[in-house]
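Remarks on the structure that follows.
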Amino acid sequence: MHAVQLEMLKDCFKDAKRALDIGTGSGFVALCLSKMCRRADSKTYAVDHIQGILDQAKENIMKHHKEYIDDGRIEFVCKDARKGVPEHAPYDVIFVGGAVTETPTEIIE
């Protein structure tokens, strides 16, 4: 499912500088978003409200793609993102991988 969603978003990455991954889970999508942002100064924010999930996501990415974390291209943020993550906005791409029944308007504002 995530691969289909990323494929649908691929044209949004042409000049993307900031990407937001809400409900980061394993870290796979955060890494994909970061790779798809072609600008050298791009940054992806991986957000989850459970610190243990973020720790695991970071560990997963560190195994084979450590440079994305060391270079600051992926930053991990522990918070409930249903109210958005305005401290790093605006975002060029927002991926909601967490389960929601409807997209909270605060995410896209």
Side-chain angles (χ1 to χ4, degrees):
M1 185 62 168
H2 290 328
V4 172
Q5 292 169 313
L6 289 168
E7 178 69 23
M8 291 171 63
L9 286 172
K10 70 181 179 186
D11 293 335
C12 299
F13 288 92
K14 185 177 181 182
D15 295 314
K17 185 173 180 179
R18 285 192 196 96
L20 177 63
D21 177 23
I22 297 175
T24 202
S26 69
F28 173 77
V29 171
L31 178 63
C32 290
L33 292 173
S34 188
K35 284 183 172 231
M36 292 173 80
C37 289
R38 297 180 192 114
R39 292 176 52 144
D41 62 342
S42 68
K43 190 158 197 151
T44 297
Y45 296 92
V47 182
D48 207 291
H49 68 283
I50 301 171
Q51 185 61 52
I53 290 175
L54 289 174
D55 294 342
Q56 185 66 53
K58 184 174 183 178
E59 185 178 312
N60 289 340
I61 295 169
M62 291 288 285
K63 288 177 188 174
H64 301 289
H65 301 283
K66 183 178 185 292
E67 68 276 12
Y68 282 83
I69 295 170
D70 291 346
D71 294 348
R73 289 183 274 175
I74 299 176
E75 182 176 319
F76 298 88
V77 179
C78 187
K79 74 178 290 180
D80 182 348
R82 288 179 289 189
K83 299 291 184 188
V85 188
E87 60 269 26
H88 301 294
Y91 301 100
D92 300 300
V93 178
I94 299 173
F95 187 97
V96 180
V100 293
T101 55
E102 60 184 54
T103 303
T105 56
E106 293 90 340
I107 292 174
I108 55 176
E109 289 179 348

Between [atom1] on residue [X] and [atom2] on residue [Y], distance to nearest 0.5 Å:
| X | Y | atom1 | atom2 | answer |
| --- | --- | --- | --- | --- |
| I22 | D80 | CD1 | CG | 9.5 Å |
| E75 | K58 | CD | NZ | 10.0 Å |
| F95 | L20 | CZ | CG | 11.0 Å |
| T44 | R18 | OG1 | CZ | 11.5 Å |

Compare every heavy atom of [Y] with every heavy atom of [X], then report the nearest pair and how far apart it is.
| X | Y | value |
| --- | --- | --- |
| F76 | A57 | CE2-CB, 4.1 Å |
| I74 | A46 | CG2-CB, 4.4 Å |
| I53 | G25 | CG2-O, 3.5 Å |
| K79 | P86 | NZ-CD, 4.3 Å |

Taking [Y] as the starting point, is it possible to reach [X] by hopping between hydrophobic residues whose side chains are less than 4.5 Å apart?
| X | Y | answer |
| --- | --- | --- |
| I61 | F28 | no |
| M36 | Y68 | no |
| M62 | L31 | yes |

**Prompt:** Which residues pass the ring pair (Phe, Tyr, Trp, His ring centres under 6.0 Å) test with H88, sequence neighbours left out?
**Reply:**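 Listed in chain order: Y45.
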**Request:** Side-chain contact test, heavy atoms from C-beta onward, threshold under 4.5 Å: evaluate it for L54 versus Q51 and give yes or no.
**Result:**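 In contact.
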**Listed partners of D71 passing side-chain hydrogen bond (donor to acceptor under 3.5 Å, both in side chains), at least two apart** =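 R73.
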**Prompt:** When L33 is tested against each of D21, T24, I94 for side-chain contact (heavy atoms from CB on, under 4.5 Å), which residue passes?
**Reply:**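 Going through the options one by one, the only one that passes is D21.
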**Asked** side-chain hydrogen bond (donor to acceptor under 3.5 Å, both in side chains): which pairs involve residues 25-40, sequence neighbours left out?
**Response**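 Only R39-D41 qualify under side-chain hydrogen bond (donor to acceptor under 3.5 Å, both in side chains).
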**Under 3.5 Å: donor-acceptor pair, side chain of D92, backbone of K17** =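 Indeed, once roles are kept as given, a pair shorter than 3.5 Å links the two residues.
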